[in-house]
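When a ligand or atom number is given, it counts from 1 through the structure's own listing order. Remember, predicted model here, so these are calculated numbers, not experimental data.
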Amino acid sequence: MITDRSYAVEPWCVRETHLDLDVLAQSESVFALSNGHVGWRGNLDEGEPHGLPGSYLNGVHELHPLPYAEAGYGYPESGQTVINVTNGKILRLLVDDEPFDLRYGRLESHERVLDLRRGVLERTCEWTSPAGSTVRVRSTRLVSLTQRAIGAVAYEVEAVGSRSRVVIQSELVANESLPEPNGDPRAARALKSPLEPEEDVAVGNRLRLVHRTKRSGLRVAVAADHTVTGPERTTTSSESNADLARLTVTSVLEPGEQLRVEKLVAHGWSGARSRPAMSDQVEAALAAAGHSGWQGLLDDQRTYLDDFWARADVEVDGDEEIQQAVRFALFHVLQAGARAEQRAIPAKGLTGSGYDGHAFWDTETFVLPLLTYTAPEAVSEALRWRKNTLDAARERAAQLGLSGAAFPWRTIEGSEGSAYWPAGTAAFHVNADIADAVVRYVAATGDTDFERDTGVELLVETARLWRSLGHHDAHGTFHIDGVTGPDEYSAVADDNTYTNLMARANLLAAADVVERHPEEPAALGVDAEESAAWRDAAAAVHIPYNDELGVHEQHAGFTRYQRWDFSGTRPDQYPLLLHFPYFDLYRKQVVKQADLVLAMYTCGSFFDEEQIARNFAYYEPLTVRDSSLSACCQAVVAAQAGHMRLAYDYTAEAALMDLADLEHNTRDGLHIASLAGTWMALVAGFGGLRRDGDSLRFAPRLPEMFSRLAFSVQLLGRRLHVEVGPDKATYTLLSGPPLTISHHGTPVSLNGDGPAVRTVPPVPQRPSPEQPPHRRPGAR
Ligand code: BGC
């Protein structure tokens with residue numbers, strides 16, 4: 001765990017000023033570079049020491065049998081695990097007779113900087129070998145956002161004080177040995193040597209390795225090319241064998257002289273293409289990158305990010321740490337989704353192997369809202385991935401005796417990867433979350449082509465699922481029994497409010513889309529009777545309510561359960577899932593993560609302000625936040641209910657989840673949903689952003705620690721800038737046709753002639769709710 005501040009607080013970068021080997025694995029996640037297709041953990045250039053070596057290609061996984069002590073019908077038989085592919089970022093260094101290894105000798109200085117505007121990781125260090133030779137090493141690394149196959153490193157060594165003989169070995173390494181798993185069920189199973197060699201080539205400065213996974217049959221090709229600059233006496237040679245290709249660069253440096261290697265690395269994978277085709281593919285990608293050159297790649301990266309920041313930046317005055325953290329969050333969420341291109345956006349992005357590299361509902365509910373309003377092209381790609389996996393989802397529904405499509409709870413390639421069905425298969429809400437993401441994207445972009453070619457099928461098949469999963473009782477009320485909502489400390493429960501409200505929206509959205517695009521649904525066999533049945537079910541959905549307490553139930557009967565013994569639970573017994581049986585968690589009132597509280601955000605129009613305040617006060621003392629997905633949701637609803645200080649503390653928790661390693665597992669990869677949740681806490685919490693059909697509502701209010709919050713959203717071809725101060729909010733239409741939004745319930749017309757300024761009403765005063773003992777968010 002990162003105990004003291006590891007990173008300097010600066011607005012546009014994350015700077016580590018000294019190397020702490022105890023938190024190396026965490027820093028590798030924090031400094032990971034990715035474009036959604038290729039992911040490189042922030043491992044040190046020379047490969048060792050390392051916490052967890054990691055190079056990932058989105059979608060490249062291996063299959064493994066899922067063992068069950070007692071198997072049952074419909075249990076998934078095969079699991080999927082992300083694998084560490086060929087590592088192209090390694091550059092080893094020998095100084096005189098000593099390997100440059102920071103565990104030995106004397107580290108005079110070591111600094112790494114993740115530059116959020118340039119999209120590069122920079123490292124500078126000065127090291128004296130055990131024999132007394134001093135060198136300065138500088139490296140700059142990027143994973144290109146404009147050329148999706150490409151990663152690149154510029155590595156420079158300088159002799160300091162005396163003449164040094166230096167050797168740089170630039171390598172491609174397959175089947176790196178990985179540390180043993182740490183026993184945390186949330187970490188990945190490390191598959192030993194998952195890649196079988198097919199081709200190794202080293203010609204001049206060019207290297208190439210082609211491998212294939214054993215069971216999933218995916219071919220992985222990685223190639224590198226180098227430009228070497230150094231004194232005249234510099235020589236190079238290259239060689240390769242099955243799992244290693246190496247360029248060796250040797251030189252003698254006088255004090256002040258430098259040896260520089262620019263390394264371009266191209267990655268490709270396919271389940272279909274032949275070995276020669278894959279070799280050609282990576283060679284072609286290298287040629288394209290070489291055409292841009294190192295400087296060209298740097299310039300393109302900057303241009304790409306300038307454009308992103310112009311659309312997505314969130315400015316926070318009054319808390320520099322949150323300012324830095326929200327930019328760090330935006331950067332990593334962009335990295336996770338930017339070039340995923342019809343592949344999943346995993347819960348850890350491509351920053352680590354935690355959760356086996358699986359994607360969950362985290363994508364649609366946490367990541368896609370941010371991207372919808374800042375980088376919408378990534379959203380259509382992510383949802384097209386879901387569409388591409390529809391066949392597997394239809395098969396799963398049929399296997400379960402249901403209609404339509406049942407999307408997996410966790411997956412890489414589309415089939416269900418959860419071996420624990422009470423919190424896997426039964427978490428059907430993922431289907432409504434996908435539908436919600438479709439509706440949100442179409443409302444924000446007006447992309448009717450997408451709606452027709454992708455949205456219709458997703459909405460129809462998920463509506464069919466709900467219609468078959470639920471049933472009308474003798475009074476006509478529609479129930480969805482035996483499902484698991486977002487809170488994984490309750491399972492297989494009847495009428496989960498979140499699920500029911502989201503399913504209701506899903507059913508209505510499907511019925512609406514059928515009216516807008518009659519042809520495609522007809523081809524899917526939808527008739528008037530079917531869509532009328534969706535509307536009937538939606539109109540009759542049961543939402544459980546406890547009249548005595550005056551609160552909504554998380555699921556039917558929840559408020560009758562015994563309360564968890566919070567006062568008898570020690571601080572070191574959190575997260576509860578690692579210390580208590582699910583059996584006991586399921587039958588008590590204890591909430592892992594926002595569930596009913598999340599429903600009040602995603603389906604806010606169902607609740608009035610008083611209900612929101614009452615429900616929030618009821619669920620706060622039960623919610624232990626054992627999931628990193630919770631704090632951001634609680635921040636949004638706390639802000640709405642007027643608990644500004646609490647909302648601020650929750651925002652900080654979401655924002656600092658990884659920079660401060662709050663859940664002690666950043667080593668396994670970043671918490672992408674919590675990072676995206678930082679945006680949600682600021683923009684939906686303090687900005688009060690809510691969807692309202694095709695328009696947006698805002699209800700901004702700042703906590704007293706902030707003097708200003710500013711953000712932009714893209715909506716239907718417009719760019720809207722919102723700036724909030726303690727007393728007033730300013731709305732400016734930066735581009736696009738006139739637009740009407742709402743400010744605290746009052747319409748505001750914006751026409752581009754100038755900003756509209758509105759007064760921020762006072763915060764409603766309510767007693768601050770309690771949290772379970774030891775689970776209050778850290779006060780700042
Ligand atoms: C949470 C899930 C989440 C998963 C991946 C679990 O701990 O309870 O809601 O989808 O982590 O982030």
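- Among Trp679, Trp361, Tyr601, the one residue that satisfies the ring pair (Phe, Tyr, Trp, His ring centres under 6.0 Å) test with Phe366 is Trp361.
- Remark: of the listed residues Thr559, Thr497, Asn615, Asn496, Thr559 is the sole one forming a side chain to side chain donor-acceptor pair (under 3.5 Å) with Glu553.
- Within the set Leu577, Leu598, Asp362, the minimum heavy-atom distance to atom 5 (C) of ligand 1 is found for Asp362.
- Ser674 has its side chain out of reach of Ser630: every pair of non-hydrogen atoms, C-beta onward, lies at least 4.5 Å apart.
- For atom 7 (O) of ligand 1, the candidate residues are Lys592, His429, His358; the nearest heavy-atom contact is made by Lys592.
- The aromatic rings of Phe360 and His358 are tilted relative to each other, their planes meeting at an angle between 30° and 60°.
- Residue-level proximity to ligand 1 for Leu629 is carried by the side chain, the only part with a heavy atom below 4.0 angstrom.
- Of the candidates Tyr489, Phe360, Tyr355, the one placing a heavy atom closest to atom 11 (O) of ligand 1 is Tyr355.
- Ring geometry, Phe428 versus Trp466: the interplanar angle exceeds 60°, so the pair is classed perpendicular (tilted spans 30 to 60°).
- Under a 4.0 Å criterion applied to the non-hydrogen atoms of Trp361, ligand 1 contributes the atoms 2 (C), 3 (C), 9 (O), 10 (O).
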